[in-house]
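These notes concern the structure reproduced below.
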Amino acid sequence: MTERDEYFLIRAEKVERLREQGIDPFPARYGRTHTIAAARALLARWSERGRPARERSVSVTGRVTGVRNMGRVAFLDLRDGTGSMQAQFRRDVMGGDFELLKSLDLGDFLGVRGRLIHTRTGEPTVEARSATMLGKALRPPPEKWHGLQDVQQRLRQREADLISNDEVRERFVLRSKLVAAIRRFMDGRDYLEVETPILLNVAAGANARPFVTQHNALSRTLYLRIATELHLKRCIIGGLDRVYEIGRIFRNEGLDTTHNPEFTSMESYEAYADYNDIMSLVETLVSSVATELLGTTELEYGGEVIDVKAPWRRLDLREAILRYAEIDIDAHRDAASLAEQMRAMGVVVTQEDSWGRLVDKLLGDKVEPNLVQPTFLVDYPVEMTPLAKRKPGRDGYVERFEGYVAGMEVCNAFTELNDPIEQRRRFEEQEALRLEHALEDFDRLDEDFLTAVEYGMPPTGGLGVGIDRLAMLFSGQSTVREVVLFPHLSLSQDEVFRAVDLAIRDILRGSSGESGDALARMVRVSLSEEVNSRITDGELLRRIEIAGR
RNA sequence: GGGCCGUUAGCUCAGUCGGCAGAGCACCGGACUUUUAAUCCGGGUGUCCAGGGUUCGAGCCCCUGACGGCCCA
């Protein structure tokens, strides 16, 4: 896409023309009296009560989304965040401002002052007496009938997606309402919303790889949080009996249709509660939020009707694996034995997989796809869960559950471990497992957290909910990037070429007649791994040749 | 990981047998005082995803690669 195409140049000329006429194309303010929704409501009321049309004066603002010009009269469609409405331009009514039409394009922001009327066809309309340019657009909007379809462009230029696709806009409004409803629900149950640090000395609280960053003044390596768990528990220890945090979590993993490296979670902790209390919290939360936002607990997702009404099914994890994979994990408590059973089932496993990871694979491959209607998978092996309390009377298991809807994990919760000695031992087990299974992610020992637990921690029920997953469910979307406004994407081809050309220019500046091949090697050394993997030798040589001329 | 499909104008998309690159919207010029995707007349604005090959000639055929979509694992 060229930066200065025909559209840009023509519109830039109009900006200059307006300035020559003494009109600011980007004024600082405008005296709007009504939103479009308010103006429409007002007109409806006035018409009912028979208020004379000449008194019905308002000023409204919005983006110009359509122009029907008929010479001495023109109709414009105006849209603001509340709705859209037609404005009428008449030369005999407007005088000089009618000339603004010549400098007007689709996508511009406009203020219109005049009477509210119905036209001959009954369309609610602002009959403009004056019109004011509020913000000139230099790029044309996408095609008005089909909207923007190109997936890459929709995600890379979400604003264009939002401008042209109403259902996308509605989806993000829904997501925002979802978060607000969750917040109201938690507040209503006397949970205190808190904010805990994103930059940490130790990335603990989950099994995930962190992003690493640098604090210059302290000259210290910091990690972006992979969970909010440990700090929220420290709040509980401090006597804040019910706390929650809605915030961004960062995990340094691959990105695909269901994973964005940053995502939003809601974690909550409640003193004196256990995981049974949290199960009822979750099913009540989800069903009441669904009723509030959608008017029903029945969600349509992937061609199925899913009823999130409480109570949700409880399914013991070991029994679930027994039912769907026909393997008894209690009969195969070591990795070699379990791996052998799984291979016989056709599940891909490796020599390096830990026992916990094998169970995780079984869940992902055999169990999760069956959990379409809301289900709590209950009681997890201790190996997989260093922060949960052991289940009394059941060796090797902890009080943990995960909630599944439509085959997706939507939450994870425990009766929290509050014994500091056992907690230290469990962290140490994680560290040992890391040494044994270098390719897997395990939790890390956090001394500050252990110190906190040593001050005494009440029995506690904790919860983590994936907000993005819930947004997917509520909006019927199968990919996370359709519910994240600005998802991370791999570089576009344009961006790759731009990075390559920049590197070539740098290398050529310091070069002294090396061969093309030698230059290509130098360029490759300076390029990032991602760019290198995206550029072929032929393409690189061709670009060096072009740059050299 | 495997298979199939796709990438062409600002946007949405056609492109037959390998022979001058097309339509609608948008845009530019003109007409029009009641339109609703306004209408009518005139104008086609292009790195056909990238690189290489075959050919007198490639959007189309062949190879390699990138990205995306769908299906399967």
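Protein chains get the first letters and strands the later ones, always in sequence-line order, with residue 1 at the start of each. Quick caveat: nothing in here was measured; it's all calculated off a predicted structure.
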*Give a yes/no answer on whether the side chain of A:Lys144 brings an N or O atom under 4.0 Å of OP1 or OP2 in B:rA26.*
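A:Lys144 to B:rA26 OP1/OP2: side-chain N or O found under 4.0 Å.
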*Quick check: are there more than 12 heavy atoms from other residues, nucleotides or ligands sitting under 6.0 Å from CD of A:Glu326?*
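No, not enclosed.
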Might you list the N or O atoms of the protein lying below 3.5 Å from N or O atoms in nucleotides 22-24 of chain B, with each pair's distance?
from   : atom 1 : to       : atom 2 : distance (Å)
B:rG24 : N2     : A:Glu143 : OE2    : 3.4

_Show me, range against range, the stems involving RNA chain B, built from at least 3 consecutive Watson-Crick or G-U pairs below 3.5 Å._
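In RNA chain B, stems of three or more pairs: B:1-7 with B:66-72, B:10-13 with B:22-25, B:27-31 with B:39-43, B:49-53 with B:61-65.
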*asked:* Nearest whole Å is fine: how far is B:rC32 C1' from A:Arg68 CZ?
replied: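 The distance from CZ of A:Arg68 to C1' of B:rC32 comes to 15 Å, rounded to the nearest Å.
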*Rounded to the nearest 0.5 Å, how far apart are CG of A:Asp468 and CG of A:Leu178?*
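Nearest 0.5 Å value for the CG-CG distance: 10.0 Å.
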If the condition is side chain to side chain donor-acceptor pair (under 3.5 Å), which residues does [X] pass it with, not counting sequence neighbours?
X        : answer
A:Asp360 : none
A:Asp92  : A:Arg90
A:Arg251 : none

*Geometric cation-pi criterion A:Arg400 and A:Tyr380, 6.0 Å radius, 45° cone*: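 That pair qualifies as a cation-pi contact.
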*Counting only non-hydrogen atoms, which of residues 82-94 of chain A are less than 4.0 Å from RNA chain B?*
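A:Gln86, A:Gln88, A:Arg90, A:Asp92 - these, ordered by number, are the residues of the stretch whose heavy atoms sit under 4.0 Å from the strand.
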*Check step by step if side chain to side chain donor-acceptor pair (under 3.5 Å) holds for A:His118 and A:Glu123.*
CA-CA 5 Å; A:His118 286 107; A:Glu123 181 75 19; over 6 Å; no
*Are the ring of A:Tyr7 and the six-membered base ring of B:rG10 within the stacking cut-offs of under 5.5 Å and under 30°?*
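Aromatic stack with B:rG10 absent for A:Tyr7.
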_Once hydrogens and angles are ignored, does a donor-acceptor distance under 3.5 Å link the base of B:rU34 to the side chain of A:Thr125?_
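A donor-acceptor contact between them is absent.
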